[in-house]
Structure formats: structure tokens, C-alpha cells
Amino acid sequence: MLVLVLAHLLVAVALPFVAVRAMRLAFALAALPPAAALAWTLVHIGPVLRGREVVETLAWAPRIDLEIALRLDPLALAMTLLVSGVGALVLLYSRYYFGRDSPDGKRSAPLLLAFAGVMLGLVLADDLITLYVFWELTTICSFLLVGQAGISRESRRSALQALLVTTLGGLVMLLGFIVLGESAGTYRVSELVANPPRGAGVGVAAVLILVGAFTKSAQLPFHNWLPAAMVAPTPISAYLHAASMVKAGVFLVARLTPVFVGVTHWWVLTAVFGVTTMIVGGWRALHEYDLKKLLAYGTVSQLGFLMVLLGTGTRTAAVAGDSMLLAHGLFKAALFLVVGIVDHQAGTRDIRELSGLWKRLPWVAATATVAVVSMAGLPPAVGFLGKEAAFEAFLHGGLGSTVIEAGLLLGSVFTVAYSARLLWGAFADKPRQTTTEAIAAGAGLVLPAAVPAVAGIVLGVAYPITDDLSSAYADTYGTGADPYHLALWHGLNLPLLFSAIALAGGVALHAARERVTNLRARLPKPFTAQRAYERIMALLERTAVGVTGRIQVGSLPTYLGIILITVLVVPGSVLLTRASLPDAVPVWHRLLQIPLAVVILIAIAGVVRARRRLTAVVLVGVIGYGIGGLFIVDGGPDLALAQFLVETLTMVAFVFVLRRLPARFVQSEPAPGLRVPKVVIAVAGGVFMAVAALLFSSARQAPPTASRYYIAHAEEGAGATNVVNAIIVDFRALDTVGEIAVLAVAATGVASLVLATRYQRRRRRGPGRSGSAAKPTDRTTADDHDSRREEARE
Amino acid sequence: MTLLVALPILLPLAAAGLSLAFGRFADVQRVLGMVVLGVLIVDSAVLLYVADTFGPVVLQVGNWPAPFGITLVADRLAVLLLLVSSVVTFAVLLYSIGQRITDYGRGASSTTFHPIYLVLCAGVSLAYLSGDLFNLFVAFEIMLSSSYVLINRRATATRIRAGMTYTIVSLTSSLLFITVIALVYAATGTVNLADLAQRVAELPDGLQTALGLIVLIVFGVKSAMVPLHFWLPDSYPNAPAPITAVFAGLLTKVGIYAMIRTQTLVFAHNESWRLMLAIALITMIVGALGALAQNDINRMLSFLLVSHIGYMLFGLGVYDTAGLTGVILYVIHHITVQATLFLVSGLITRHTGTVALSRMGGLAKASPLIAVLFALPALSLAGIPPFSGFVAKLALLQAGVEAGTWSAYAVTGGAVLTSLLTLYAMARIWTRVFWGRVRKPEADPDPEDELVVGTGTTARAMVISTGLLVTVSVAIAVAAGPLAEISGRAAADLMRHETYSTVVLGGDP
């Protein structure tokens, strides 16, 4: 199975190179892998139905429960037949649908094939994570296929909407998978079905997973992306947005309903959302003039129907669901392909412009009629079998079942009505309208549409086969005493009556279409899901711009202020609440410290107020010398010497640079309102550091072992009588190497900047002088900073 | 064996000196750089094998015993990141050589670029390998001083402003770093990380927490954790593509690495970690919203970088083996993918002549190759399976769900939302850059400025190196099994740090 999936993807990768030269050949090649998959599946029908399921696993990253596990079981079988069968047909159809040099065709061939591959992987997945992998890949394929070249605004928007809505659901679903997998201890679907997990997590997982299923299968209120996606070329709509991808959601529900049989809200949610979607989708389809949009809303409606059937968790509903899954895939693919032919040959798909087309395209009209029989649920099509079973499934039960039954009946009335509208709209003679001109369609276009349409009838007539196929899946729920079996004739019973009501009601509704349209026009316009989506996107946009504009102010002082405030608030509050100052803190231990401290403080105040650069530099020097003085007082003359040297050097360097700069600082005065906060932050920062220094140095219990070791080993180990030297050049030589590298880099940087500036100035003669000349100052600060650190270490 | 540990630091440093000496011989510089970084890849691959099979390789520099000299420690985490980083630095060097040759011809030497780039690589290596807090500071200084030069090289006046923001904020955090080292030394009398692990535990509880938080802020600035991130989107987009790529790929992640190392080894895990989860959530969301507000492709990518730092903080905040495994996987993935995206952005802007998304279009038709090179890392960053970002994200989400606290659930939800917003941002780039009608490249507004070179030409070396990184990110996903195993073992090492201390201090824990 993995080989089949990979074959799709590998051929897809090679396909663009073929498509450039011969596009029709490319589509023919593209149809091969799905055809192979179909053949492979057909061969396995017998064994799988007899219980011999095909299993393949491939470990990927077992530590994070990542594995590829595939299993061909009855449900996967039904889906594979659909995915690969329709896939091959659509690719053959595309051969004639896209013009010989159509860029859309060149793009679509590999993407459609890749999509067929990932869809195959999705339906075969026996592992939740594997399923998710393929799930998201179908979304990406859909995005690229809907958008095509993204020339029109509409196609870009629709592609984006489909992407965002389904990915939102997909991600929520992934969370659900993880919650489920972590509480069950396994991500294998077959193991989960065998041993359904219990616990609070499972209920949460159920809701999260349903969000994914609802978005993918276009359930209300997430349904709008599906009609919008109809901007895609018709073969793509037929395959992705009718027969396969949108089925992923209901397929997932079918897969996991056995796991969530004990979770009440699982079936309640699927029933409520499913029935609502079925009715609303059907109602909307009654008013569309665009045949594709009509079919799209029909798809939405049918997906709701499937959601109800597959989420219920009873055997009869499951039989109905599985057969409807097949039925819908077949008739909807056929009808989309038919609409594609109409559009292709007549140049329009607007009901108001089409008339009498059955005379021009008789075979197409016949195909459409056969497919519509199944869609409307008329005998002998497979759609009839499924609908009968569905009515049967909710016949016996409480109030809930009755409500669902009524909902399904109303939905079926709508289904018949829009089926009639489709057939009438596309092909019928309309009063006061001339017959639409259309070119006759070739067999290359008609056959791929006719095959699924006829298959729908065949599966209905040969109902024992369909029954075997559906029962094999439905038996998961237990067979019971008298299991339901699909048949064309069950005798005169309620389901048959309901079918008759649906047919009569639907035909009547179609006959009264003008009045229905008027009625809709009079109804208040509801707040649509599309408007909700647009509002949410606009809100997101506004929030993004608003939040970012407020936070990202682009002012360096603000950024520095925030860093300082963070230091003050976060560790500061911890120190304030959870540390206590040592009892006796000597404020000074040598008198000389007092005048030095006063000098330093005055110099600091001066620096802050200084308006001339030179004054500021000199005052910074004073601070440095003052600190050097403190070193002397504390008995570190060597340290002080280093400090004095560095200060002197820095001052000299500064003075050289200052020659080229204006005498005064050029920045404008800060806003008066900001002065006080700045002062507060700065002072608080200083106080914090002082207190922290006090606290941490008083926390030490013993003198550092390192310094004793250094003193003991300096002479015999490092051959130095000066322990500081020994540390720099031997004990911690690597630090020194690093710092030398830093200085070298700084020097190189300054040199290159100076050279570059000179070069630029020569080229441009003049401007930008102050801007680039500001650089060296900064470099010096960097150097200065580095050398200071050297001392700090000592 | 221990030579292998010294090589990633000494070799690039020595080569940097040589490279400076051969400043006028462009080809010598190029070959030298490529060879040295190539050797680094091999060296770190060997080290990874050794460290994973036989345990950490420890080098006591100068043979001084542990808490007194400087110790270099090559354990699983350090070497894993070293390997990924060397691959990225190698590819970026190839890219910039290609760019230089296309734009200025083969003979054009760039005297300072090569030496300084090599010094940067040495700094990054030292930061990973250092087992000493002060030496870690030196490593940061080596790395940052080189980055100051690189970001301000050949800069125009506006770019100097952006470079200033970067430089001054970095210097501020360095100042804070050196101060906290002073505090640490004052309280414990040691700067050796393994030794500190024991000494810090003896301090009163309040002081331990405060120290841990200050260190967190220091590395938080370096790794652009919200609210300390402002400098990043204001400065990174103003550097040429290869420079931004290496900064975005490596420098922020070195900050994350230092955070992981110090917070797991030295500082105790206590209730302040709930703060970490809150910060992770805010970082993700603020970054992602920032990205959506941008029209400049590089600014958008920079905000996404901030946003995804949140993922790494998330795993660290969960603080168990599963969470740390997730972080390590995420760091590996993110180094590669973020660097790739900036390289691709460089390729894009060469074709469009502008960084404004609103003025681009139709590039998928004009250059399908660039479209593919963008699509793969973009999907990966958005966490779309089966790419590397998905693997790493999955590990993190699992850890979040397993942790089972409400705060962890909240951040897990935030991570999922961020994924969606990232995908939105990527889809926006895609729809605006690659879709639509083909546009002619805009004329270069400022030929002196290397930021945007709308020549419409790309050297083969630029495409190859970008392709190399794309391949690496795909390979990360394919080899997710063994990578997750190694990351898991590395995470387990982090969780029981006695091993680290024993190895470093020589059986005297």
C-alpha cells in the first residue's frame, strides 16, 4: 500500500517535466497510479470482506509515536474504490478538458495526482498521526489547485479561505488526536476500536476531533469555503470538492464512531450539525443559478446527511452511511463532470442562459439523468438503497430519532427539488428562450462522466454486493438478532412511504420554484457564515496592526527601558519578597571611601545633565578614576593601575573622535512627561544592583576555593609570581584568547568602516557625513566596554 | 579525542587570522573558509557519534582541574546543535560567496567578511561547548562583536540606525550578563557550571530564584523572548540576506541553548516556571500577530522568528524529558528552516528588486525553482506534516498534553493557534509573491546598498546552498526517528544533571 502511495507521489514529481512537452500524455500517465491502486483494491475485495485485512507499518520516530500504519479494512476499501476510481476517471477527463497548452492543465496534472496519492494514504491510515499527515497534505493540494496561478483576486481569496478554515479544523483535530492518543496509550485506530478508552480526556478529544471533521466536510457554520472553492477548474471541483477530499471529514467520523460509541455528545453533535447542514445546504441549492454552486450546496447538504448517518453508531445507520458514501461519490463526480462538459461546450453554466441543451448534448443529458436518479434517491440506484436504510435507521427510537427522521425527510425533499432544478436548468427547453449553441462533446469527456453514473445504477441493481460491502463495515457495531440488509424491495413500509413523500414534495417544490424564490426574497437576510468569516479576518488584521503598532514603537530608549523594568519587576520582586538584608551592613570601612563616592555621584549627575560631548566624556573619565580610587582604598593597586590606564586611553580616543563631531549632543530634548519615568527607572536600576550586590556577596559562606587554588599553584604550576597574570595567561587562557579575538574583530570592523566611509565619501562627495561618522564612537565604546570587562574579571 | 572538542573553536579562529592575512586573495579566503567549515561539519559529526556512544567528551583546557580552569564539555545536546550550526554556517558561506562573485566578479575580495565570519563561527562553537559561565560570556562576546561588524558592514545611514539598535541592546544585555556573573561569583565563589550546580543549590531559596531569573532575562534578550524582543524585528531585516540568515538561524538559538543549559543544570526548577509558560504563550502570539501586520517580507520573517522562539520556551517551561526532547528537536529544525527562509528571501528580492510584498507577483511562473525552495521550508515552519516543523511541533504538543496542567493546556492551544497564524503568514507571502501576474524587477533604489539587489540574477552557488539547506530540513524530517532518540537521550541527560557534574568534576560530585 505504501508503494502505491509513493508511486503516486513519485510520478507526480516527474510529471511537470512531461507536462511541459506533452500535456495529454502527462494526464494519461497521471491516470496510471490511481488505476493501479484501483486494480489492487479490486483484487483485495474478496479477502478483505472475508476478514483478511491488509496491514503495513513503517516506524518513523517511535519515541514520539510517529509511525506510518496503513490498513485495508472494509471502510478503507469503499473509500479506496471511490478515491482511486474517480481519480483515474477525472485525470482521463482532464486530458480533454484542459486545452493543449493550458497553463492550468500543466499545473494541475501533477497536483491532482499528488492529491490522489495523499488521499489514498488518508483513507488507508490506521494511525491517527498518519491520518493527520495525509489530512494536511490534502489541504495544501487543495490550496494550490483552487488558487491555480492566483491571477484573480477571487481565486486567491477562495484558496486562502479553504486553507485557513480547514487547517484551523485540522490543527484542533490534531490536538484531539493527541489527547485521545495520550489517554489511550496508542494512536492505532484498530487498537482504539478494539479497546475504546474511557475518561474525561476522551470526551474532550471527541469535541476537538469533530471540529476537524466539520471543517473538512463543510458542515455549518464552516461550510462556506466549499462553494467559494468552486472557482477551481471543474475536474478539480469534481474530484476534491465532491468525490474525495470533502469526504475526509465524514470518513473520519465513520472511522472513529466505534471508538466514541460511549460518548453521548459525539452522536448528538454529529446529528445536530449534520441535520442542520443537510437542510440549510439543500435550501441554498434551490436558489443557485450557477450549476456548479448548485452542486456545491448540494454537496454540503449531502455531507450533512452522511455526517448524521456515520456518527450515530448503530448498525443500520452505518449500512446506510457506507452505501450513501459510495452513492454520493459516484453521482456527484458524474454530475460535476457533466457540468464541466456543459460549461466547456456551451461556454456558460448559468441556468438563466441555458436552454434546450438536451438536443445538442444528448449523451451528456442522458448521463446526467442517470446520475440524478441516484442523487434523488430513486430506484434502482444505489442512492435509493442508502436512503431507504437511512429512514429505517431512525424509525425506531425516542424523540431524538423522530426529530432526526423529520430532518432527513425535509432534507430529502430539498434534495429531490434541487436534483430536478439541476436537470431542468441544464438541459430543459425554457419558454421564451432560444436553444443554446454548443459544440458536441467527444467520448473523451462523456465517458469518464458516464462510468460513475452507470456504476451508481449497477451497485443499486446488484444490491447484494453493495450490502456485503456496507455490512462488512457496519458489523463493527455488532450484528444483533435481525440485521438490516440493503434491498430494492422491503415491502410496503414507512421508509418507502417517506421516499414517496420526498419525491412528491421535491417535484412540487420544483414546480413552485418561482414562489419559493419570492418567499426567500421576503425572508430576513440571516447573518451568513461568509460574513462571519470576513469579519473575523478583518478583526484579526486590525488586532495584528493595532497590537504591533503599539508594541513595536521603534524607539531604542523605550526598548532599553523595558529591559530594565523587566529586571526590576521580575527578579526584583523575588528579592524584595523572599530575601532579607544581612543584619549589620557596614556603610563604609575606610573614611576615604566617602569623598570618593561623593565625587562619583556628582560626576554621574553631571553626565546625565551634560549637553556638550566633551563635558560628558570628561565626567565619565572622572567616574572611572573614582572607581580606580576605590580599588586603591580596598587594597588593589594593580587593579587601580589598569583602570587608570584604560580610562586615560579611552579619553584620548574619545577626544580624537570628538574633533569630528558637533560640540553639543544633537538629539532633541526628551518630552517632559518622560523625564520623571526615566529618572525613576534609572535610579531604581542602580539601587537594585547595589542591593543585589550586597545580598549576594553576603550569601557566601566560605572564601572561594578557586582563589586559594590559584595562589597555591601560580608559581609552581604557571611559573608566575603575580597571580593575576597567571590567571590571565594560564589558568583561564582560553578567555584571554577569546577577548583578543574580540578586540581584533572590533579593530577590523572599525578599520573597514573607516575605509568604507572614505570610499563612499569619495564616490558621493559629501552627504551622509554625520551618519557614518557616528560609527567610530560606538566602536570605541565597544572596545572600552571589553577592556572594562577584562578588569571586572580580575 | 579531546582535540576534537578544541577544533571547532581553534580552527576557525586560526583560519580567521590566516584569512585576514590573505585579505587580498579572494580565492584563498573562499577556499579556506569553505574547507574549515567543512572540517567542522565532519568534526562535529564524529563528536556526535562519540558523545552519544561513550558519553560526554570533556576537555580541561590547559589541563587545570575542573572548577579552577576552563572546561569544555561536548555532550549530546552541545554536539547536536554544533553539527546543525556548522551545516548552516557552511551553506550560508557558500551562498554569500556566490552572491559576491555574481555581483562583483570573481576577483573582488572582501577583506573583512571572511575573517569575521569565521570568528563568529568560533564564538558559536565555544558557546555550545563551554562548561564555564564566564567563558560562556566570552563566547557570546566573540559571537556578538563579530555580529556587530557584520550587521554594520557597508551600511547606509538608515541601516546604521537599525544596526545601532541591535548593537546597543546587545551591549546592554552583555552588561547585565557580566553583572550577574559578578553576583554569581560573589555568592558562590565559582563560575564552573558543574560546580555551580552544587553551590547555587546551597544558596537561600529567594536568591536562587532571583539569580535564575536574571540569567533568564540575559538570555531572553539574546533569544528575543517577549517582552525583550523589540530589537530583533527592527534590526535583522536591515542586514543582507546571508547575514540575517545566520543571525536568525544561529544567534537567537545560541541564546535558547544557553537558557536550556543554565536553567536545567544550575538553577532549580520551581514555581517561577509557570511564568515561563505564560511568556511562551505571549511570545508566540505577539510574534505571530506582528508577522501579519507586515508588508516587508524580511520583517514578516523576523516576527515569525520571535513567534517561534515561543515554542522553544514552551518546551522548556513544561520542563520534563518529553518537553526538553521537543525543544531540542525544535531548535534543530528551526535553525535550519529559519536560515533557509532568509536565504530564499534573498533570492526572491533579487528577482523583485523590492522587499515590499505588495509590489511583488508572479514569481512562481518566472522562477518555479525559487517557488519550490520557498514552499518546503515555509510549510515546515508552519508545522505542516510531514516536514521537520511538524515532527518537532508534535513532540512539543505531546509534551504539553502529557504535562496535564491547565497552564500547559493553554500554551498547547496557543501553539496550535500560532501554527495557524504562521501558515496564514506563509500563505500571504505565497499569494503575493508567487501568485498573480508576473512583474518586472524594480530598479535598484540604491546601488551602494547590498540590502536589496534587484539584478534578477542568481548565482548557481546561491541556489545550491539554499537547496542544500532545504535538503537538510527534509532530511531532518526523514531521520526523525534517530534524531528523536538522540534528542530524547540528550533531554534525559539534562534532567539528571548529576552525570554532567560527575564527568566535569571527575567523579567527585
Side-chain angles (χ1 to χ4, degrees), chain A residues 60-61 63-64 66 133 136 147 150-151 156 160 163-164 167-168 171 175 178-179 182 544-545 547-548 552 554 556 559-560 562-563 566-567 570-571 574-575 578-579 692 696-697 699-700 704 706 709 730-735 738-739 741-742 745-746 748-749 752 756 768 771 778 785 789 792, chain B residues 13 61-62 64 68-70 112 116 119 135 138 141-142 145-146 149 154 157 160 165 168-169 172 178 183 186-187 189-190 203 206-207 209-210 213-214 217 227-228 230-231 234 289-290 292-293 384-386 394-395 397-398 401-402 416 419-420 423-424 427 431 435-436 480-481 484-485 488:
Chain A
W60 181 2
R63 191 181 181 100
I64 49 172
L66 206 53
V133 169
E136 290 296 34
I151 302 287
R156 288 197 300 264
L160 202 58
L163 177 78
L164 291 179
T167 313
L168 168 71
L171 284 165
L175 268 190
I178 293 174
V179 172
E182 296 296 325
V545 173
V547 168
T548 311
Q552 201 71 26
L556 182 56
Y559 298 167
L560 294 180
I562 289 172
I563 293 176
T566 315
V567 173
V570 182
V574 171
L575 280 186
R578 293 175 46 194
F696 283 97
S697 48
R700 191 194 289 178
Y709 179 90
D730 205 331
F731 293 118
R732 301 191 61 97
L734 188 60
D735 286 343
E739 290 298 344
V742 169
V745 165
T748 317
S752 81
D778 172 56
H785 173 75
R789 203 178 43 258
Chain B
L13 272 187
V61 178
W64 295 107
F68 309 116
I70 293 170
T112 53
I116 288 173
V119 173
N135 194 243
V138 174
E141 283 307 288
I142 297 177
S145 60
S146 322
V149 177
R154 297 170 194 276
I160 285 281
T165 306
I168 290 180
V169 170
T172 309
I178 192 75
L183 295 180
T190 184
L203 290 178
L207 294 190
T209 310
L213 288 173
I214 304 177
I217 291 174
L228 310 168
F230 305 103
W231 56 274
D234 280 358
L289 287 179
L292 290 181
I384 295 293
L394 179 67
L397 294 181
Q398 284 175 345
V401 170
E402 265 173 42
V416 163
S419 246
L420 182 70
L423 183 69
Y424 185 27
T431 50
W435 277 355
E485 291 300 330

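Nothing here was measured: the structure is a model prediction, and the numbers come from that model. Only this structure's heavy atoms are used, side chains among them; waters, hydrogens and symmetry mates stay out.
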Test side-chain contact (heavy atoms from CB on, under 4.5 Å) on Tyr424(B) and Leu160(A); report intermediate values, then the result. CA-CA 8 Å; Tyr424(B) 185 27; Leu160(A) 202 58; 3.7 Å; yes
Identify the heavy atoms of Pro571(A) and Ala210(B) that sit nearest to each other, and give their distance. CB-O, 3.8 Å
Separation of Thr431(B) OG1 from Arg156(A) CZ (nearest 0.5 Å): 7.0 Å
Where on Leu168(A) is there a heavy atom nearer than 4.5 Å to chain B: the side chain, the backbone, both, or neither? both
What one should report as the nearest heavy-atom pair of Trp435(B) and Gly147(A) is CH2-CA, 3.4 Å
Say whether, by atom type as modelled, one donor and one acceptor occur between the side chain of Gln398(B) and the main chain of Ile64(A) under 3.5 angstrom. yes
Under 4.5 Å from any heavy atom of chain B, what part of Ile151(A) do you find: side chain, backbone, both or neither? both
Most heavy-atom pairs under 4.5 angstrom with chain A, which of Gly481(B), Ala484(B), Ala427(B)? Gly481(B)
Can you find a pair of side-chain heavy atoms, one from Thr748(A) and one from Val149(B), that are under 4.5 Å apart? no
So which residue, Ile217(B), Ile384(B), Leu228(B), Leu183(B), ends up with the most heavy-atom pairs under 4.5 Å with chain A? Leu183(B)
Given the options Leu203(B), Leu13(B), Thr190(B), Ile214(B), which has more heavy-atom pairs under 4.5 Å with chain A than any of the others? Ile214(B)
Residue from Ser146(B), Pro386(B), Ala395(B) scoring the most non-hydrogen pairs under 4.5 Å with chain A is Pro386(B)
Please look at Ser697(A) and chain B and tell me whether the side chain, the backbone, both or neither of the residue comes under 4.5 angstrom of a heavy atom of that chain. both
Any side-chain heavy atom of Leu289(B) within less than 4.5 Å of one from Val545(A)? no
Give a yes or no answer on whether the side chain of Arg700(A) reaches the backbone of Ala186(B) with a donor-acceptor pair at less than 3.5 Å. yes
For chain A, which candidate among Val169(B), Val119(B), Leu207(B), Thr172(B) shows the most heavy-atom pairs at distances under 4.5 Å? Leu207(B)
For Asn135(B) and Arg732(A), which heavy atoms make the closest approach, and how far apart are they? N-NH2, 3.8 Å
Based on non-hydrogen pairs under 4.5 Å, which of Val61(B), Ile70(B), Ile116(B), Leu423(B) is most in contact with chain A? Ile70(B)
Once you round to the nearest 0.5 Å, how far does CG of Leu575(A) lie from OG1 of Thr209(B)? 9.0 Å
Chain B contact via Leu556(A) - side chain, backbone, both or neither, heavy atoms under 4.5 Å: side chain
Examine Trp231(B) together with Tyr559(A) and report whether their ring centres are nearer than 6.0 Å. no
Taking all atoms of both residues into account, what is the closest heavy-atom pair of Thr566(A) and Pro227(B), and its distance? OG1-CG, 4.4 Å
Is Val401(B) in contact with chain A via its backbone, its side chain, both, or neither, using a 4.5 Å heavy-atom distance? side chain
Distance (rounded to the nearest 0.5 Å) between Glu182(A) CD and Glu402(B) CD: 4.0 Å
Quick check: do Ile142(B) and Val745(A) have side-chain heavy atoms less than 4.5 Å from each other? no
I need the Leu420(B) CG to Leu171(A) CG distance, nearest 0.5 Å. 6.0 Å
Less than 4.5 Å to any heavy atom of chain B: does that hold for the side chain of Val133(A), its backbone, both, or neither? both
